[in-house]
Participant: 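Mind having a look at this structure? Questions to follow.
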Amino acid sequence: VIAWLASPMPTAPPKPMTKAEIERMKTKEEINAFVMAQSFVKKCLKAPSTADFPYYNKGDVQDGGTKIWIINSYVDSQNSFGAMMRTYYRAKVMDLGNDKWKLLDLKFNEMP
């Protein structure tokens, strides 16, 4: 009986990412940060179920450094009197990995 010992196939080094792949990955991270900022904002509202946020806009998200994102946007929601109000916010969030996020800073303003 002859036994063949198979040597493991050599693995090629990882192929460097293209600019398009890097941009898609960064956009995905920006969208995740944008959505997470909205969830942190929603927790601070008087009537969170009335919250109406704008769609993602690349100009609203800034890279704040390693895994940190700064989002400048707004939310329309009811105030304590039931009137719809637009409130602008600036949120600074950090991606901790494994779908965990940390709110680093959140500021509200009624004017842009």
Side-chain angles (χ1 to χ4, degrees):
V1 174
I2 299 175
W4 290 93
L5 295 176
S7 61
M9 295 291 291
T11 56
K15 190 171 100 179
M17 291 173 58
T18 66
K19 284 185 180 183
E21 290 170 328
I22 292 169
E23 189 58 34
R24 275 194 300 276
M25 185 177 81
K26 186 173 181 183
T27 298
K28 182 181 174 190
E29 291 171 358
E30 288 175 356
I31 292 170
N32 287 339
F34 187 75
V35 170
M36 289 311 302
Q38 291 176 348
S39 73
F40 287 121
V41 166
K42 212 172 187 182
K43 291 177 183 177
C44 297
L45 299 176
K46 297 269 186 200
S49 64
T50 66
D52 186 21
F53 292 94
Y55 291 110
Y56 165 75
N57 177 350
K58 189 170 185 59
D60 293 342
V61 182
Q62 298 172 309
D63 189 340
T66 307
K67 300 287 187 178
I68 295 174
W69 301 95
I70 300 165
I71 295 85
N72 292 293
S73 191
Y74 66 87
V75 59
D76 295 327
S77 65
Q78 286 183 356
N79 65 11
S80 53
F81 299 106
M84 289 298 283
M85 298 287 298
R86 177 161 290 178
T87 305
Y88 294 87
Y89 65 88
R90 177 182 176 90
K92 190 174 188 181
V93 296
M94 176 185 260
D95 182 357
L96 301 175
N98 297 321
D99 293 324
K100 293 186 185 348
W101 290 78
K102 180 178 181 180
L103 178 64
L104 300 176
D105 190 39
L106 180 59
K107 292 185 175 134
F108 291 97
N109 190 353
E110 290 185 7
M111 302 297 289

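By convention here, the first residue in the shown sequence is residue 1. Given the structure is predicted, the values throughout are model-derived calculations rather than measurements.
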Participant: Kindly compute the distance separating CG (Leu45) from OG1 (Thr50), expressed to the nearest 0.5 Å.
Facilitator: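 It is 7.0 Å, given to the nearest 0.5 Å.
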Participant: With a 4.5 Å limit on heavy-atom distance, are the side chains of Asn72 and Gln62 in contact?
Facilitator: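 Sidechains of Gln62 and Asn72: in contact.
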Participant: Between Ala51 and Ser77, which heavy-atom pair has the shortest distance, and what is it?
Facilitator: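 The pair with the smallest heavy-atom distance is CA-CB, 4.0 Å.
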Participant: Side-chain heavy atoms nearer than 4.5 Å, only ILVMFWY residues, links allowed to pass through others: does that put Ile71 and Phe108 together?
Facilitator: yes
Participant: Tell me which pairs pass ring pair (Phe, Tyr, Trp, His ring centres under 6.0 Å) where either residue lies in residues 36-72, with sequence neighbours left out.
Facilitator: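 Listed by first then second residue: Phe34-Tyr56.
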Participant: Same cluster or not: Leu104 versus Met36, using hydrophobic residues (I, L, V, M, F, W, Y) connected whenever any side-chain heavy atoms lie under 4.5 Å apart?
Facilitator: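 Not linked; separate clusters.
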Participant: So do the side chains of Ser73 and Tyr88 get within less than 4.5 Å of each other, counting heavy atoms only?
Facilitator: no
Participant: Calculate, to the nearest 0.5 Å, the distance between atoms CG and OG belonging to Leu103 and Ser39 respectively.
Facilitator: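 Output value for this atom pair is 9.0 Å.
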Participant: In terms of heavy-atom contacts, does CG of Asp99 have more than 12 from other residues, nucleotides or ligands at under 6.0 Å?
Facilitator: no
Participant: Distance check, rounded to the nearest 0.5 Å: Ile68 atom CD1 versus Lys102 atom NZ?
Facilitator: 9.5 Å
Participant: Considering only heavy atoms from C-beta outward, does the side chain of Gln38 approach that of Tyr89 to under 4.5 Å?
Facilitator: yes
Participant: Holding to side-chain hydrogen bond (donor to acceptor under 3.5 Å, both in side chains), I want the full list of residues that pass it with Lys58, two or more places apart in sequence or in another chain.
Facilitator: Glu23, Glu30
Participant: Are the side chains of Leu106 and Val41 in touch, meaning some heavy atoms are under 4.5 Å apart?
Facilitator: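 Counting from C-beta outward, Leu106 and Val41 do come under 4.5 Å.
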Participant: What closest approach, in Å, do Ala47 and Gln78 show between heavy atoms, and which atom pair accounts for it?
Facilitator: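 The pair with the smallest heavy-atom distance is CB-O, 3.9 Å.
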Participant: Under 4.5 Å between any side-chain heavy atoms of Ile70 and Arg90, yes or no?
Facilitator: yes
Participant: Would you check if Val75 and Asp52 make a side-chain contact, meaning some heavy-atom pair closer than 4.5 Å?
Facilitator: no
Participant: Given side-chain contact (heavy atoms from CB on, under 4.5 Å), test Met85 with Asn79 step by step and report yes or no.
Facilitator: CA-CA 6 Å; Met85 298 287 298; Asn79 65 11; 3.5 Å; yes
Participant: Of the non-hydrogen atoms in Pro48 and Lys42, which two are nearest, and what is the gap between them?
Facilitator: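 Here Pro48 and Lys42 meet closest at O-CE, 3.2 Å.
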Participant: Grab the two heavy atoms, one from Lys100 and one from Asp95, that are nearest each other, plus how far apart they are.
Facilitator: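 Heavy-atom minimum between the residues: O-OD1, 3.7 Å.
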Participant: Roughly how far, to the nearest 0.5 Å, is the NZ atom of Lys107 from the NZ atom of Lys92?
Facilitator: 8.5 Å
Participant: Any heavy-atom pair between the side chains of Lys26 and Asp63 that's under 4.5 Å?
Facilitator: yes
Participant: Does a side-chain heavy-atom distance below 4.5 Å link Leu96 with Trp101?
Facilitator: no
